[in-house]
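The figures here come from the full heavy-atom set of this structure, side chains too, leaving out hydrogens, waters and symmetry mates. Chain identifiers are assigned alphabetically (A, B, ...) following the order of the sequence lines, protein sequences preceding nucleic acid strands; residue numbering begins at 1 within each chain.
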Protein chains: 2
Amino acid sequence: MTGKRRASTNVTIIDIAREAGVSKSTVSLVLKGSTLVADETRDRVSRAMSKLGYVYNRGAANLRGAQSSIVGMVINDLSNPFFAELAIGIERVLRTSGYIPFIANTAESVVRQAEVVRSMREHGASGIILSPALDTDGREINSLLDLGMPIILAIRRVPGARASLVASDNMAGAARVTQHLISLGHRRIAFLGGMGAMAVRKDRIAGFTQALEEVGLRADPALMLESMPTKDGAFTAMSALLSRPDWPTAVVCFNDVVAIGVMQALSRKGLLPGRDMAITGFDDTTEARQVSPPLTTVSVDAGDLGERAAQMLLRQIAAGNQTTETYIGEARLVVRESCCPPPRERKVS
Amino acid sequence: MTGKRRASTNVTIIDIAREAGVSKSTVSLVLKGSTLVADETRDRVSRAMSKLGYVYNRGAANLRGAQSSIVGMVINDLSNPFFAELAIGIERVLRTSGYIPFIANTAESVVRQAEVVRSMREHGASGIILSPALDTDGREINSLLDLGMPIILAIRRVPGARASLVASDNMAGAARVTQHLISLGHRRIAFLGGMGAMAVRKDRIAGFTQALEEVGLRADPALMLESMPTKDGAFTAMSALLSRPDWPTAVVCFNDVVAIGVMQALSRKGLLPGRDMAITGFDDTTEARQVSPPLTTVSVDAGDLGERAAQMLLRQIAAGNQTTETYIGEARLVVRESCCPPPRERKVS
DNA sequence: CTGAAAGCGCTTACAG
DNA sequence: CTGAAAGCGCTTACAG
């Protein structure tokens, strides 16, 4: 009903002081929860604040040196449930710490990422947990670090960056899932998804290759396909693969989202994942359990990684960003129903 | 390598002015992109800024009356992909507007919601898009509005709140999906999920009831079951229903997430959704397509709703929050494979 | 416990 | 185009 001009344009600590009949120092003390103020005085001030609709002005406070209470959470793809789970894990620990996490989504754009990080710095964020967009430059991370901003890299390492890292054991996970396929009898196995520049992809391919070499096989470059790490990207890449003559009998997918896109491409061709071709994922998102057939994948516990990242950030903020820590979470094989042995009739030479 | 104390603690507009050999007014003009500054001067200032690692101090600027460039996006459940899609739609339009959206997750906690909204106000957010937590009080929304803060309610209306609203046509959607079940021959239909206090649930139940009454049936209170709008909550509620004697032949679920929980409860009992019992969802999240069998549901286009909400917020910020708008998005029936006719042998009297 | 004073980093008129 | 001055709302010593 009213028509005030702008939020927080009016009532200040001085108005409160006048209303409560104290000095503004006292109001400030109440704001900070100081024990120096008498209970009766504190009550009077609190009542004045709610009566006048007072809003604390963080900007003014930060200006004078107060600790800001926000931390940034910069996520490269919020539509991927894996990152949503990560975000929720982060919030779980930050919630009890007095910090409020502000999330921003970059949708894999480094330009957007720079904007968002800048905005968070401008607003006085105490630290940032960054799940970096593709093609993030290590030097950018380092210059942030040099300015004294605590940064925790999550999920994706950035070559050349000196920041702390929380990620999962991509190499071991990929090796395990590949070994599983080999034990089912597969010899002609593709790796699909992710872009060439991604460190995570390199690590998973290293595990994949290592598992093959352990049994005297080698990775066929013609079966290592890139795609954007999205359902659509994977669908397209898999459809292209299926239009070629010599199919693999199994596909190790970059992650669950990619695996789901790959399954859709198979279905489109009338093929059934888990019967006509073995498919594996990575991440063990809730979707992995819900697709049909349920996806054999690698569990990395995104929520736990989020918690670790938040704890690490809190430590760095407290310590003043001196140390660099690394936490590599376990990557467990989760066998469900998306993997069959290779079909006899299509066995290759 | 360095050891600066805190981010943004040092270099200010004055340092830049000195470095570039101009006055600080000029630096401020450059910061605002004013055309009054000569190109050569602008360059000199820009170089000085990057040389010294300057970070704009939003707090100080806002203090003096500058427009803040953040808007808040407060989401009640980020782990529900529906809300992730909503968030992404919001970002899509905000991205081109110069505003940076900061997202916060309340996990259905009104306490958390109050904290988060307060923090956003303290940081000078220009407006907030709020997907309210359960049990949000209309008076809280109204007092925010009275302070001049533009607020757009998204997805869930709040009884008593005077804020603008972007939501979907819950009543029509629920009626459509119920009519679909009736046309398949169902007469004994349950409604499952959501908590009693939720306005959205009330609207959907109204559509459900109306569709039944159109054909001379009435909703059986024993078949209207509450649950938290989560997979686990739905699983529990459905399991309880299945332990009772007279099952329904079809279940209209509060949303897709609930439907998936219901399906899992059926599977646990050895029953197949779409063969032994008809199940419907609401929202048409990407998961609805991926579950097995694919879910018959109501499509509400979360991304589009997000875009509408963002456009509405931008309008309100520009206009100074005078008008109250409402946008109700269409709710289309999407028929997939989770609905069968009622089984003959279990047909009730 | 309270008051007076200084200053954080910026923007905004107002003269030049 | 540029400089000098005032002031936004808070916190921080410093006296009392």
Side-chain angles (χ1 to χ4, degrees), chain A residues 5-46 48-49 52-69 118-119 121-124 147, chain B residues 4-46 48-49 52-70 118-119 121-124 147:
Chain A
R5 304 295 301 273
R6 313 180 85 289
S8 76
T9 227
N10 354 289
V11 17
T12 77
I13 194 180
I14 295 187
D15 302 314
I16 303 300
R18 190 160 28 220
E19 173 78 21
V22 300
S23 78
K24 63 191 182 116
S25 307
T26 308
V27 177
S28 181
L29 255 15
V30 171
L31 247 19
K32 307 191 62 186
S34 164
T35 52
L36 295 179
V37 185
D39 285 352
E40 198 273 329
T41 311
R42 180 192 314 283
D43 278 3
R44 211 141 30 88
V45 170
S46 301
M49 293 198 293
L52 301 186
Y54 173 70
V55 179
Y56 185 66
N57 186 326
R58 274 283 163 203
N62 290 346
L63 201 50
R64 202 60 190 85
Q67 268 284 23
S68 163
S69 61
R118 184 163 45 76
S119 182
R121 287 211 291 158
E122 289 178 2
H123 285 281
L147 289 165
Chain B
K4 295 248 183 73
R5 304 294 301 273
R6 310 179 88 289
S8 77
T9 226
N10 354 290
V11 17
T12 78
I13 197 181
I14 296 188
D15 302 314
I16 303 299
R18 190 157 29 217
E19 172 79 20
V22 299
S23 79
K24 64 190 182 119
S25 307
T26 307
V27 177
S28 181
L29 255 16
V30 171
L31 247 18
K32 306 191 63 187
S34 165
T35 52
L36 295 180
V37 185
D39 285 352
E40 199 273 329
T41 312
R42 181 191 313 283
D43 278 3
R44 211 142 30 92
V45 171
S46 302
M49 292 197 295
L52 301 187
Y54 174 70
V55 179
Y56 185 67
N57 187 326
R58 275 282 163 202
N62 291 346
L63 201 49
R64 202 59 190 81
Q67 269 283 24
S68 163
S69 60
I70 68 168
R118 183 164 45 74
S119 182
R121 288 211 291 156
E122 289 178 1
H123 285 280
L147 289 165

Distance, rounded to the nearest Å, where [X] contributes [atom1] and [N] contributes [atom2]:
| X | N | atom1 | atom2 | result |
| --- | --- | --- | --- | --- |
| B:Asp15 | C:dG9 | CG | P | 8 Å |
| A:Ile16 | D:dG9 | CD1 | P | 12 Å |
| B:Ile14 | D:dA5 | CD1 | C1' | 13 Å |
| B:Asn57 | D:dC10 | CG | C1' | 13 Å |
| A:Leu63 | D:dG7 | CG | P | 17 Å |
| B:Leu31 | D:dC1 | CG | P | 18 Å |
| A:Arg18 | D:dC10 | CZ | P | 13 Å |
| B:His123 | D:dC10 | NE2 | C1' | 14 Å |

Subject >> Euclidean distance, B:Asn57 CG relative to A:Asn62 CG, rounded to 0.5 Å >> reply: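 Separation between the atoms: 7.5 Å.
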
Subject >> Pairwise distance CE(A:Met49) to CD1(A:Ile13) - rounded to 0.5 angstrom >> reply: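 Reported value, rounded in 0.5 Å steps: 9.5 Å.
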
Original post:
With sequence neighbours excluded, what pairs up with A:Arg64 under the side-chain contact (heavy atoms from CB on, under 4.5 Å) test?
Top reply: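 A:Arg64 satisfies side-chain contact (heavy atoms from CB on, under 4.5 Å) with no residue once adjacent residues are dropped.
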
**OP:** Please list, chain by chain and in numerical order, all residues satisfying side-chain contact (heavy atoms from CB on, under 4.5 Å) with B:Ile70, sequence neighbours excluded.
**Re:**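 side-chain contact (heavy atoms from CB on, under 4.5 Å) check on B:Ile70 returns A:Ser119, A:His123, B:Ser68, B:Phe102, B:His123, B:Ala125.
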
**OP:** Return each pair, listed once, that meets salt bridge (Lys or Arg N to Asp or Glu O under 4.0 Å) where at least one residue sits in residues 52-61 of chain A; pairs must be two or more places apart or across chains.
**Re:**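 The answer is A:Arg58-B:Glu122.
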
Original post:
Where each residue is assigned the nucleotide of DNA chain D containing its nearest heavy atom, which of A:Asn62 and B:Ala38 is assigned the position nearer the 5′ end?
Top reply: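 Its nucleotide being nearer the 5' end, the pick is B:Ala38.
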
**OP:** For B:Ala60 and for B:Arg44, find the nucleotide of DNA chain D with the closest heavy atom, then tell me which residue's nucleotide is more 5'.
**Re:**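 Residue closer to the 5' terminus by nearest nucleotide: B:Arg44.
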
Determine whether [X] and [Y] make a side-chain contact, defined as any pair of heavy atoms from C-beta on separated by less than 4.5 Å.
| X | Y | result |
| --- | --- | --- |
| B:Glu40 | B:Asp43 | no |
| A:Arg18 | A:Asp15 | yes |
| A:Val11 | A:Glu19 | no |

Under 3.5 Å, which donor-acceptor pairs do the side chains of residues 23-36 of chain A form with other protein atoms, sequence neighbours left out?
unit_1: A:Ser23; atom_1: OG; unit_2: A:Ser25; atom_2: N; d: 3.3
unit_1: A:Ser23; atom_1: OG; unit_2: A:Thr26; atom_2: N; d: 3.4
unit_1: A:Ser23; atom_1: OG; unit_2: A:Thr26; atom_2: OG1; d: 3.2
unit_1: A:Ser34; atom_1: OG; unit_2: A:Leu36; atom_2: N; d: 3.0

For nucleotides 12-16 of chain D, give me every protein contact, N/O to N/O, under 3.5 Å, one pair per line with atom names.
unit_1: D:dT12; atom_1: OP2; unit_2: A:Lys32; atom_2: NZ; d: 2.9

Original post:
Given D:dC10, C:dG9, C:dT2, which nucleotide is nearest the side-chain atoms of A:Lys24?
Top reply: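 Taking heavy atoms from C-beta onward, the closest nucleotide is D:dC10.
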
Original post:
Any side-chain N or O of A:Ser23 less than 4.0 Å from the OP1 or OP2 oxygen of C:dG3?
Top reply: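 For A:Ser23, the contact criterion (side-chain N or O under 4.0 Å from OP1 or OP2 of C:dG3) is met.
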
Original post:
So what stems show up for DNA chain D if we need 3 or more Watson-Crick or G-U pairs in a row, all under 3.5 Å?
Top reply: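 So far as stems of 3 or more pairs are concerned, DNA chain D shows C:1-3 with D:14-16, C:5-12 with D:5-12, C:14-16 with D:1-3.
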
